[in-house]
Amino acid sequence: QVQLVESGGGLVGSGGSLRLSCAASGRTFNNYAMGWFRQAPGKEGEFVGAISWNKLRVYYADSVKGRFTISRDNAKNTMYLQMNSLKPEDTADYYCLATTPIASDYVSSAPSDYRFWGRGIQVTVSS
């Protein structure tokens, strides 16, 4: 079992930046593949990206490629989502995800593959 807590959300203007953090506690953090998912009001949820536990594989949704960067510090049990060039359409609740991988470089873009979810944090981008 692992507990996930997001932080770093808030309000930012269009073109601005935010960095989300996901702090994990419980079992060994570096045994988990991690990801981010977002849900905007009235819209379908979107898988944002993921990183393997060995950091060698990183996946991004097309909508955030070139603007968002996922990283992790296994020594600190923390994953990050650096969001640059933010747009109003990035406004959403952002959720941290984790799952036990089937291989060290495992990543999945399917939210259903992730066993553990954080409670989410709000990001609002004003126009």
Side-chain angles (χ1 to χ4, degrees):
Q1 190 79 10
V2 64
Q3 292 76 45
L4 306 172
V5 179
E6 302 93 342
S7 63
L11 173 66
V12 64
S14 182
S17 297
L18 280 176
R19 188 176 79 156
L20 302 184
S21 299
C22 173
S25 61
R27 294 182 62 183
T28 306
F29 176 72
N30 63 357
N31 286 340
Y32 287 87
M34 306 287 293
W36 292 96
F37 180 87
R38 66 185 181 183
Q39 178 72 58
K43 296 184 179 180
E44 192 170 330
E46 180 182 27
F47 192 87
V48 176
I51 184 168
S52 63
W53 76 258
N54 66 3
K55 311 178 193 179
L56 294 183
R57 290 188 65 193
V58 186
Y59 164 87
Y60 296 101
D62 288 343
S63 60
V64 305
K65 275 181 184 176
R67 300 188 300 122
F68 290 11
T69 302
I70 296 174
S71 62
R72 63 190 292 169
D73 185 337
N74 290 342
K76 295 182 178 180
N77 291 346
T78 303
M79 175 181 62
Y80 304 97
L81 179 65
Q82 178 66 44
M83 303 184 292
N84 299 328
S85 302
L86 282 161
K87 306 174 182 180
E89 50 264 44
D90 294 317
T91 295
D93 290 330
Y94 284 71
Y95 297 87
C96 174
L97 316 175
T99 194
T100 303
I102 57 176
S104 59
D105 62 347
Y106 170 85
V107 290
S108 172
S109 59
S112 59
D113 286 340
Y114 291 82
R115 292 177 57 198
F116 306 106
W117 288 58
R119 299 185 69 174
I121 193 163
Q122 189 173 54
V123 171
T124 303
V125 185
S126 62
S127 57

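Bear in mind the structure is a predicted one, so any value in this text is a computation, not a measurement.
Here L20 contributes atom CG and S7 contributes atom OG; the two are 7.5 Å apart, rounded to the nearest 0.5 Å. Note that CG of L4 is 9.0 Å distant from OH of Y32, once rounded to the nearest 0.5 Å. Taking NZ of K65 as the reference point, atom OH of Y60 lies at 10.5 Å (rounded to 0.5 Å). Considering CE of M79 and CG of D73, their distance stands at 12.5 Å, rounded to 0.5 Å. With rounding to the nearest 0.5 angstrom, the CZ atom of R72 is 10.5 Å from the CD1 atom of I70. Taken to the nearest 0.5 Å, the CH2 atom of W36 stands 8.0 Å off from the CD1 atom of I121.
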Side-chain atoms of residues 40-47: list all donor-acceptor pairs with protein atoms under 3.5 Å, sequence neighbours left out, distances to 0.1 Å.
residue	atom	partner	partner atom	Å
E46	OE1	R38	NE	2.8
E46	OE1	R38	NH2	2.7
E46	OE2	S63	OG	2.5

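Scored by the side chain to side chain donor-acceptor pair (under 3.5 Å) test, D93 finds no partners at all (sequence neighbours excluded). Every residue was checked against the side chain to side chain donor-acceptor pair (under 3.5 Å) condition with T91, not counting sequence neighbours, and none meets it. With sequence neighbours excluded, the residues satisfying side-chain contact (heavy atoms from CB on, under 4.5 Å) with S71 are Y80. Residues that satisfy the side-chain contact (heavy atoms from CB on, under 4.5 Å) test with V5, not counting sequence neighbours, are absent from this structure. Residues satisfying the side chain to side chain donor-acceptor pair (under 3.5 Å) test with S104, not counting sequence neighbours, are N54. Under the side-chain contact (heavy atoms from CB on, under 4.5 Å) criterion, S85 pairs with R67, sequence neighbours left out. Checked against ring pair (Phe, Tyr, Trp, His ring centres under 6.0 Å), Y95 has no partners two or more places apart in sequence or in another chain. R57 pairs by the side-chain contact (heavy atoms from CB on, under 4.5 Å) definition with S52, D105, V107, not counting sequence neighbours.
The shortest non-hydrogen separation linking S127 to S14 is CA-CB, 4.3 Å. Across all their heavy atoms, V48 and F68 have their closest contact at CG1-CD2, 3.8 Å. L86 approaches L18 most closely through the heavy-atom pair CD1-N, 3.8 Å. For N84 against S17, the heavy-atom pair with the smallest separation is OD1-OG, 2.9 Å.
Under the 3.5 Å distance criterion, the side-chain polar atoms of Y114 are matched with a main-chain donor or acceptor of S108. At distances below 3.5 Å, at least one donor-acceptor pair connects side-chain atoms of E6 with backbone N or O atoms of G120. A donor-acceptor contact shorter than 3.5 Å links the side chain of T78 to the backbone of K76.
Between the side chains of D113 and T99, no donor-acceptor pair of N or O atoms lies under 3.5 Å.
Residues M83 and I51 share a hydrophobic cluster, clusters being chains of Ile/Leu/Val/Met/Phe/Trp/Tyr side chains in contact below 4.5 Å. Hydrophobic clustering keeps L97 apart from Y106 (ILVMFWY residues linked when any side-chain heavy atoms are closer than 4.5 Å, directly or through intermediates). In terms of hydrophobic clustering, with Ile, Leu, Val, Met, Phe, Trp and Tyr side chains grouped at heavy-atom distances under 4.5 Å, F116 and M34 are assigned to a common cluster.
Here K87 does not pair with D90 in a salt bridge; the nearest charged N to carboxylate O distance is not below 4.0 Å.
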(request) Evaluate the criterion side-chain contact (heavy atoms from CB on, under 4.5 Å) for residue pair L11 and S126; output intermediate values, then yes/no. (result) CA-CA 7 Å; L11 173 66; S126 62; 4.3 Å; yes

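Residue pairs that meet the disulfide bond (SG atoms under 2.5 Å apart) test with at least one member in residues 68-127, sequence neighbours left out, are C22-C96.
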